[in-house]
Enquirer: 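One structure, pasted below without further comment.
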Amino acid sequence: MSIPIRVQQLSKTFFDEGRGEVHAVREVSFECAAGEIFGLLGANGAGKTTTLRILATILKPTSGTASVMGHDVLEEPEAVRRQLGFSSSTTALYPRLTARETLDFFARINGCPPHQVKARVDYLIERFGIGDYASARVDKLSQGMKQKVALARTVAHDPPVLIFDEPTVGLDVLNAVEMQKVIAEFRAEGKAIIFSTHIMSEAEKLCDRIAIVHRGRIHACDTLAGLRAATGEHYLENIFIKSATAAAAASPGEP
Amino acid sequence: MNLDPRIIGVLLATELRMIFRDRRILFTSILLPILLTPFLILISHRSIRHYEQTLKTSEHPYAVAGERTNEVRALLAQVHERLKTNQQAFKFNEKTVTDAMTSLVKDEVHFVVRGFTGGQPRATNPPAAKGVPGPVDKPEGEAEVAGALVVELVFRGDRDYSAFAAGSMADALGESRRLLRSQALVQHGFPVQVKQMAVVENREIAQPKAVAGLRLGMMLTMFLFIFIMMGGAMVAADSIAGEKERGTLETLLTTAASRLEILTAKQLSILVMAALITLIQVGNLLAFVAFKGFPGMGEMSGVLSPGIVVLLIFLCLPMAALACSALLLVSGWAKSYKEAQMYLMPMMLLGIVPALAPMLPGASLRSVLVLVPMANLAIGVRDVLTRQFDWPMLVLAWVITVGAAAWVMRWSARFLLTERMITAADRDDVEAKGGLPLFQRQVWRWFALIWASLLIVSGFSEKCDLRVQLFINLVLIFFGFCCLILRYYHLPVREALALRAPRPLVWLGVLIAVPAGFICALGAFQVANLFLPAPQAMVEQLSQSVFPAHIPAWQILLGISVMPGIFEEITFRGVLLHGLHRKLHPAVLVVVVGLVFGIFHVALFRFVPTAALGMMLAAVTLLTGSIFPAMLWHALSNALGVLAYKWQIPENGLDPSIYLLGLGLLAAAFWIFWRQRTPYPGLRPWRRQCPPG
């Protein structure tokens, strides 16, 4: 069985008017299996979002390759997007659509067969408990309601691969916990999940394997137990700081 | 890239659903036009009527001044009496003032009537403004008769009452003068009334429909463009820039819909809204025409038969598509809704310019205007409304505007791929690196700029000496822009201009190709002439302007042969070809470079032969990897044209066998080029390469 997500030697360089060349991602490689939550743990600006945007085919890599369910992100971007659901703190919902219309739209646009759309939408409304406000416009919903609709939207076409880019940013504790619970359920359904966060407790709680990303590079990648063994630290926070400090010492010239 | 109609349908339906739920768009784009436009039309129409009525019915005070006031008053009394008898509305009455001119300046009187004795010097107080006509009813250049009464009407052009009253009085005095002259002649024994001497009549032979069509056709495109912009602007601004701002664009870009499908749906939604607003506005206008809101507009109803309406819609569709593509482009470029809105007004003003083309005197589809998107269809619309159906040119105009719309849409699609859409980086990798990749991306912008410069400068330089014109066009514009491009992108000159030595036998091929290519280009001209006949007068005028008698032959050869051979080649087979060589398949590259070369020769009837020559020159450059053979070919070909003109060698109506011989020789020349080929480096493969195995 092929590996759902495979990233090899992926790099991305931007040009910024103020900063000149910015190496957002440097030779990143990892894989994510079905039924696994792979965590990208790093500070803001570490290159997590850029990596995930390349996987979602929003950005093109400067070098390296990435594939989703066997489809190359450069060669078959539409096929890649059909296989994944993408959710981030910056992706928004259409405010002038109702919750039901939103799910209907994203199911259809992502290739769900027309005759199955209604059943799928009804299922999602039931599963995420949004029946009470399914006919309300999104701009009238509370943050928690919007979050549920956004989660349902991400899996509207039942994709085998899910990408969550800091999904709990801006959520209160209850909603964040609810979100983590749903993501764990997706893992149980056999989906391959990439989960990026800068919140250590979330990574500890959810991720099967964790990659520590710093200045565009992956400096350590293992299970939590493996990371603990390698660094001799128990808490993820300490593991992260130790890895980042070692990385900075190893390559002092890199911005 | 495949377009899935089902996906486009879903996107379009959702876009429209959201548009009709947006209060801003509903209010500004739909409700406002429905309510405001009729109101504005009604108010302006009523205001103008009221204004004209007030001017007509008001009593206009005037003063009399000068040396012969009594005679002036007598004349005015006659005018007064005649107007009263004829029940004409113009009312005027004399006001007694101490200083007539001061009173006029102070607005106490609307005009002053001054009486003078002809042939005698008089005070000019105050000095007349520029452009104010001379004494009433005095033909231009006619000397004043000594001793005769000269009546001068003094008024202020910056006061509507004054200008209207003086104008009405001038008409009335002119009529009185004619009556007096007639009476005097009869009294002195002239046998008939003066008005019986001769009758001048106008006879209009154009159909009333065509006359009304001309009036409508001159303005229709401009109004439609304004309506389209009114309807589409808000939707377009919201379409991409608004989505960027709200963060929904990233959500959309992670769906399975392709960028082109997303863009097509957005384009269609703008088009639907623009069409809706246009229908509403046209409905407004028609309602007023039906209610006789506009005097004289009623006759226009006969202009628009169902067939004409269908044809007009067909002609207007590419214009609407082009306008919508441009709106989308602006929306894609802008980073926020407000920024997009900021660009829309200048864009609207810019777009109106080509829509005004039908108002240009003598603007015709059989001119370079046929190559200008939108302007060509605007003229086409006018021609259709005046029942002139020049089908080949209408089709050409339609194709060119459709092409422009597709090109702008493709450009918009690129914005959905650039990273400036969603990242902090203002420029993407290509822009960061600069050099050839960036030039390849921007090559069309530069050539549009060169073309526009050439057109604008030629408007000023056409009265100059031929040598000055050639210097400006070839050295300043072509060579100047090429140097600028080379410097701006830091392009290596040798590679960019293909300054490489070809194999020696290539020169033999060029010597064979020159007469052969010349004959073939003439043949292409003859074939094109069957479809687009070139006016003989235009051809002769061009020959005379290109070969003026007062310039020595060597200077003509230098300017028409050597200089274009160098500078035009540097521009087209050098810089343009270099900018496109990795983007296009070699065969397409040859055709495109040739077509651009033809377009730059401006006159439509020269397009086919110059494009044919341009293609041959591009082909030889690609085969030899060198610009020098093309330079020699171009220079000798032009020299051949000069000599053929000088020695009166007929260029038209050659025996068909000559054309066949030319074709054969050309094939032989290209066989030599092929055998001696050292291909242009970096070209795209001729055939798609299959992976091994």
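Sequence lines set the chain letters: A, B, ... in the order given, protein chains first and strands last, and positions in each chain run from 1. Computation of the quantities below employed the complete heavy-atom set of this structure, encompassing side-chain atoms and omitting hydrogens, waters and symmetry-equivalent molecules.
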Enquirer: Does a salt bridge link Arg96(A) with Asp238(B), judged by any charged N lying under 4.0 Å from a carboxylate O?
Expert: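 A salt bridge links Arg96(A) with Asp238(B).
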Enquirer: For the interface with chain B, which of Ile109(A), Ile163(A), Leu97(A) has the highest count of heavy-atom pairs at distances below 4.5 Å?
Expert: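 Counting heavy-atom pairs under 4.5 Å, the top option is Ile109(A).
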Enquirer: Is Phe20(B) atom CZ crowded by more than 12 heavy atoms from other residues, nucleotides or ligands, each under 6.0 Å away?
Expert: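 Yes, CZ of Phe20(B) has more than 12 neighbouring heavy atoms, counting only those of other groups under 6.0 Å.
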Enquirer: Would you say Asn110(A)'s side chain and Ala256(B)'s backbone share a donor-acceptor pair under 3.5 angstrom?
Expert: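 Answer holds: yes.
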Enquirer: Taking all non-hydrogen atoms of both residues into account, name the closest pair between Cys112(A) and Arg6(B) and its distance.
Expert: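 So the two residues come closest at O-NH1, 4.4 Å.
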Enquirer: Give, for atom CG of Leu252(B) and atom CZ of Phe105(A), the distance between the pair rounded to the nearest 0.5 Å.
Expert: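 Leu252(B) atom CG to Phe105(A) atom CZ measures 5.5 Å (nearest 0.5 Å).
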Enquirer: Atom CZ in Arg81(A), atom OG1 in Thr254(B): separation rounded to 0.5 Å?
Expert: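 If I round to the nearest 0.5 Å, the distance is 8.0 Å.
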Enquirer: Tell me whether the count of non-hydrogen atoms from other residues, nucleotides or ligands lying under 6.0 Å of CZ in Arg410(B) goes above 12.
Expert: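 Counting neighbours around CZ of Arg410(B), 12 or fewer heavy atoms of other residues, nucleotides or ligands fall under 6.0 Å, so no.
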Enquirer: In Å, rounded to the nearest 0.5 Å, how long is the span from CZ of Arg21(B) to OH of Tyr94(A)?
Expert: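 Between Arg21(B) CZ and Tyr94(A) OH, I get 14.0 Å after rounding to 0.5 Å.
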Enquirer: Distance from Thr255(B) atom OG1 to Arg108(A) atom CZ, nearest 0.5 Å?
Expert: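 CZ of Arg108(A) is found 14.5 Å from OG1 of Thr255(B).
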Enquirer: Output the distance between atom CD (Glu250(B)) and atom CD1 (Ile58(A)), rounded to the nearest 0.5 Å.
Expert: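 Result: 4.5 Å between the selected atoms.
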Enquirer: So which of Asp22(B), Leu11(B), Asp4(B) has the largest heavy-atom pair count under 4.5 angstrom toward chain A?
Expert: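 That would be Asp22(B).
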Enquirer: Considering only heavy atoms, which portion of Pro159(A) lies under 4.5 Å from any heavy atom of chain B: side chain, backbone, both, or neither?
Expert: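 For Pro159(A), no heavy atom lies under 4.5 Å from chain B.
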Enquirer: Is there a donor-acceptor pair closer than 3.5 Å between any side-chain N or O of Thr251(B) and the backbone N or O of Ala92(A)?
Expert: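 Looks like yes, one N/O pair under 3.5 Å.
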Enquirer: Counting only heavy atoms not in Lys583(B) (residues, nucleotides, ligands), do more than 12 fall under 6.0 Å from its NZ?
Expert: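 Yes, enclosed.
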